[in-house]
Amino acid sequence: MAESLRLLEAIRQMHEAIRAAVLERCESQAVEELAAVAQEDEGDTVFAIDKVSEALLIGHLEQAAADAPLLLLAEGLPGEGMVLPRSARVADAVFRVLVDPIDGTRGLMYQKRPAWILTGVAPNRGPATSLRDIELAMQTEIPLLKQHACDQLWVCGRGPVEGRRIDRFTGRSQPLTPRPSRATRIEHGCVSFARFFPGARDVLASIDEQVTTALLGAQPAGKALCFEDQYACTGGQLYELMMGHDRVVADLRPLVAPVLHQRGRAVGLCCHPYDLCTARIAEAAGVVLTDVAGAALNAPLNLEAEVAWVGYANAQLQAAFEPALRQALGDHGLLACAERDHAGKHTRAERA
């Protein structure tokens, strides 16, 4: 634990350097330039704006790894990761560091929603290392150009969540304490089923309708009993749960693979472990994160696994919501897929 704490300041500096560089690029380039496709990776499309962070990411962590070598796993880098310092071997790595340099690229490059820099640090246990091993996590907001404040949250070991809200123009900051919703029902709250991209959105929407109707009953004329927010950024979704803005978020995209196969379509973009590498922060704030079978959320610390997950602002919401979700998954023939997901996370190749 003491060794991972020494990485805290290096990670903070890395986050702030990436945030500054990305904001500078957003100010100096047109949307069309930022949205240009730089490369197509198996995990996701890499846009021009994503490439801004790569050199900063490696440079900051290489300096920090001088005394304790680490294996860097980041979106955009090869799946086997990069050992730092580069003179070290994989067997020398004390830590596995999982990073998403820009989570929420699409919303940021079009100046629609803030993005997040996500980092999780775990003792290296080889391929067996998982999200549950993460000891140090930090997430830093990349704000919109018209936004003066940006938030940063982190947790070390089993300690409390720490945070600050930074005025990016003055550099001044003030303490920030996350407070998940204490509501025990979903009425008049935000409940979201992730369906950002084409691919079985009809099935995901049908599950959404079945679950919310089971919990709310018939919709009164002219009323809205709950609402949703399709924030296409897992770090942003976790933040919304932490800050009391959302009550439930469900990302079930990997479960609809059988439906897509039946339709002769490929599985689209799903959530990966690097999107969830700051889950430890949300849990420390009081958010309940589970897999779709209701067990504590976990996934291997790699770049390939596709992860279905559910986040609840508190345990009372989980108790109310989970049976209805399980019923809906069963009715749509996806319960077996959910149970398989619980038994072990799978890559797209393994699932095919």
Side-chain angles (χ1 to χ4, degrees), residues 18-19 22-23 26 31-32 34-38 40-53 74-76 99-118 139-147 150-151 153 190-205 207-208 227-243 245-257 260 266-279 281-282 287 289 292 297 299 303 305-311 348:
I18 291 173
R19 182 182 63 207
V22 171
L23 285 169
C26 287
V31 167
E32 291 77 10
L34 297 171
V37 175
E40 288 286 357
D41 282 352
E42 182 179 348
D44 194 2
T45 301
V46 177
F47 295 97
I49 191 173
D50 290 307
K51 302 299 287 185
V52 175
S53 60
E75 186 182 12
V99 181
D100 192 342
I102 307 179
D103 183 29
T105 298
R106 291 164 177 84
L108 183 69
M109 69 191 185
Y110 290 111
Q111 289 295 295
K112 293 173 68 66
R113 294 293 291 266
W116 291 84
I117 308 162
L118 311 177
Q139 66 177 75
T140 299
E141 188 176 16
I142 305 177
L144 301 179
L145 293 178
K146 65 180 181 180
Q147 180 183 336
C150 48
D151 292 350
L153 297 162
C190 185
V191 175
S192 302
F193 283 73
R195 50 182 186 276
F196 319 124
F197 312 118
R201 280 196 285 206
D202 57 326
V203 178
L204 295 169
I207 294 170
D208 180 349
F227 48 95
E228 69 170 2
D229 175 20
Q230 291 293 319
Y231 192 173
C233 169
T234 304
Q237 291 175 317
L238 294 175
Y239 172 84
E240 296 296 289
L241 286 165
M242 283 187 271
M243 300 307 293
H245 303 161
D246 288 3
R247 297 186 190 174
V248 182
V249 175
D251 188 341
L252 311 178
R253 287 175 286 167
L255 302 189
V256 298
L260 290 166
V267 178
L269 179 61
C270 294
C271 181
H272 296 290
Y274 51 75
D275 298 305
L276 288 162
C277 68
T278 61
I281 304 175
V287 173
L289 298 175
V292 287
L297 179 64
L303 302 179
E306 296 177 338
V307 189
W309 63 278
V310 188
R348 185 168 305 177

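Side-chain atoms are counted along with the backbone in the values below, which use heavy atoms only and exclude waters and symmetry mates. The shown structure was predicted, so the numbers you read here are calculated from the model rather than taken from an experiment. Heads up: numbering here begins at 1 and tracks the sequence.
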*Side-chain touch Thr278/Leu238, heavy atoms, less than 4.5 angstrom*: yes
_Which atom of Ile142 lies closest to which atom of Arg19, heavy atoms considered_ = CA-CG, 4.3 Å
*Where Val267 and Ala257 come nearest, the two heavy atoms and their spacing*: CG2-CB, 3.7 Å
*Please confirm whether the backbone N or O of Gly235 pairs with a side-chain atom of Asp103, one donor and one acceptor, at under 3.5 Å?*
yes
*Which atoms form the tightest heavy-atom contact between Tyr239 and His245, and what is the distance?*
CE2-CE1, 4.3 Å
*Any idea which heavy atoms bring Cys277 and Tyr274 closest together, and the distance?*
SG-O, 3.3 Å
_Strictly below 4.0 Å, N to O, side chains only: are Asp229 and Arg113 in salt-bridge contact?_
yes
*Scan side-chain atoms only and decide if Glu228 and Ser192 contain a donor-acceptor pair under the 3.5 Å cut-off.*
no
*Nearest non-hydrogen partners of Ala308 and Val292, listed with the distance*: CB-CG1, 3.9 Å
_Pairing residues for Tyr231 by the ring pair (Phe, Tyr, Trp, His ring centres under 6.0 Å) criterion, not counting sequence neighbours_ = none
*Might you point out which heavy atoms bring Gln139 and Trp116 nearest each other, and give the distance in Å?*
NE2-CE3, 3.5 Å
*Using the test side-chain contact (heavy atoms from CB on, under 4.5 Å), find all partners of Tyr110 that sit at least two apart in sequence or belong to another chain.*
Val31, Ala35, Lys112
_Approximate separation, where rounding is to 0.5 Å, of Leu297 CG and Trp309 CH2_ = 8.0 Å
